[in-house]
Amino acid sequence: MLRAVSRPAPDVRARKSPPPAATAEASAASIDLFESKPSAANAASARVAELRFGQVGIAQLKLHSLDPALVYADVEARVRAAPQLFEGAPLVLDLSALDAVPAAAAVRALIDAVHGAGLHPVGLAAGEEGVVALARALDLPLFAKLRAEREPAPVPEAAAVPVTVAADADPAPEPVVVEVPVPAEARPVGQHHADPVRSGQRLYARGTDLTVAAVVGHGAEVIADGSIHIYGVLRGRALAGARGDASARIYCQNFQAELVAIAGQYRVFEEPVADLHGKPVQAWLEGDKLRLAPLS
Amino acid sequence: MTEIIVVTSGKGGVGKTTSSASIAMGLARRGKRVAVIDFDVGLRNLDLIMGCERRVVYDFVNVIQGEATLKQALIKDKRFDNLHVLAASQTRDKDALTKEGVERVLNELKEMAFDIILCDSPAGIEKGAFLAMYFADRAIVVVNPEVSSVRDSDRILGLLASKTRHAESGEKRVAQHLLLTRYNPERVERGDMMSIADVQEILGLEVLGVIPESESVLAGSNAGNPVILDTASNAGQAYDDAVARLLGESVPMRFTEAQKKGFLTRLFGG
């Protein structure tokens, strides 16, 4: 299965002087400690690199098979179904569903298969102990699993190395590491689109809801990881929960859709459905079943 | 202030060149200094419909490639000397057009103080059509009252909103107008042609003009006299109304209702 996780990563920022207000600033959540006053002497050198950690949404590919050909076929079909969704997107391989930790050569073959299918594996999902050795053997980073607070998740090495900026006058060699935990449900505010979505156009709201305050024409496609709201006629296709969120819904003011999908469950409308056509309609998932009903 | 207007459609054969010729004539007749450019490199038609095909010495591609000056290539119309035609090349293909080249020619035309530069787009959404619309301030999307034409127009309207200079800079949007051609009110009434309301509803735009299906359109094109010059024809008058609306006048729609046949015509045929 393919699902997306958001990995809350510590927000590490470094500065050269001991900030008396650091704790206060940290509790203010969004801070930029870099706006400290670098002295004229090192003003230039202080800006060579900035290391920041943010929250990233990353797709996880949970493998149930070790057969590269089968994996290739499966992944390729998914990519073909939504090429834009996966374009350039990184991917973490989750081996936890396999019976045993596979050999490095087998995983390498799997990575090649997934890459060949058009996705970009960037690391392994942390799991059993054997995975740590495997990641080392493959020279791949490990990604801590989401919602795995119980297990002491191995932190990717980069996160453990804070940037140290040489201190001059200030007697403070210790870099300040500020951790701002980002709640997993902190999503960007929904994406809004006011213009008509025309034939051949495709809108994708990554990681959030999509609101279209206009018509979605025949042959147009609106996609969201969250729910979709259309204040206009839906004549084209609407795909909500594009990364597997089964609680996503689709609402539209005037239903004339060609296709509706939620979390991969789709329905095509070859003929207009009498009870729904031209009416305000919502669509949702009940188990694996895609349901549609007029909004009353 | 020069305005660049593209006449486009996506689908072929809906009347882009016919409309470009008539609109260019109509604007010139109303006193505007007009240059009309045929972007359909490889299949030049505009000069035929404008009746200047035997005076084409240099063309658009020659100017872009520096083989001729713009002054040498512009053909002055015999009826209105404030109307100039820049013909397409018959012997090249659309790869001969470049974004930089097109921009340079348009800038040169602006320096020549034309009021309006009309770009007659080729069909399709390939390079020629892309370059014809890229620099436009306004777009006239020619559409026939049938589903495939409406669908293609929707596609073109989407491209106008995203793949033009104005859209890319985000400064302003390309103004969009619909021109409904080959409209036959009798067939609409019988239900075998889409109505104005259907087209407007699907595309979400008001029509700039509705040109009735008319034999005089073809006759005019064949003779090199754009139908707008045929002031007795419905199509010619409808084009003139559309030109007036393009210039901001408010003119009621005509020729959009089916003629009620009187008792005698029904009796004796009409």
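The sequence lines fix the lettering, A, B, ..., with proteins before strands; numbering per chain opens at 1.
- Proximity to chain A is absent for every atom of B:Ile125, based on heavy atoms less than 4.5 angstrom apart.
- Evaluation of the salt bridge (Lys or Arg N to Asp or Glu O under 4.0 Å) rule for B:Arg165 yields no partner, not counting sequence neighbours.
- Residue B:Leu160: no heavy atom, backbone or side chain, is found under 4.5 Å from chain A.
- Rounding to the nearest 0.5 angstrom, the gap separating the OG atom in B:Ser214 from the CG atom in B:Asn184 is 10.5 Å.
- Each of B:Leu159, B:Leu203, B:Val150 has some count of heavy-atom pairs under 4.5 Å with chain A, and the biggest count is that of B:Leu203.
- Here B:Arg138 pairs with B:Glu3 under the salt bridge (Lys or Arg N to Asp or Glu O under 4.0 Å) rule; sequence neighbours left out.
- A salt bridge does not link B:Asp59 to B:Arg44: none of the charged nitrogens lies less than 4.0 Å from a carboxylate oxygen.
- Rounded to the nearest 0.5 angstrom, B:Ile116 CD1 and B:Leu27 CG are separated by 4.5 Å.
- The side-chain heavy atoms of A:Val122 and A:Leu91, taken from C-beta on, include no pair separated by under 4.5 Å.
- At a 4.5 Å heavy-atom cutoff, B:Ile156 makes no contact with chain A through either its backbone or its side chain.
- To the nearest 0.5 Å, atoms CG (B:Leu118) and CG (B:Asp38) are separated by 11.0 Å.
- Residues passing the salt bridge (Lys or Arg N to Asp or Glu O under 4.0 Å) test with B:Lys127, sequence neighbours excluded: none.
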Could you please show the donor-acceptor pairs under 3.5 angstrom between chain B and chain A, with distances rounded to 0.1 Å?
unit_1, atom_1, unit_2, atom_2, d
B:Asp154, OD1, A:Arg198, NH1, 2.9
B:Asp154, OD2, A:Ser199, N, 2.7
B:Gly158, O, A:Gln201, NE2, 3.1
B:Arg173, NH2, A:Asp195, OD1, 2.7
B:Arg173, NH2, A:Asp195, OD2, 3.2
B:Glu201, OE1, A:Arg235, NH2, 3.0
B:Glu201, OE2, A:Arg235, NH2, 3.2
B:Leu203, O, A:Arg198, NH1, 2.7
B:Leu203, O, A:Arg198, NH2, 3.1

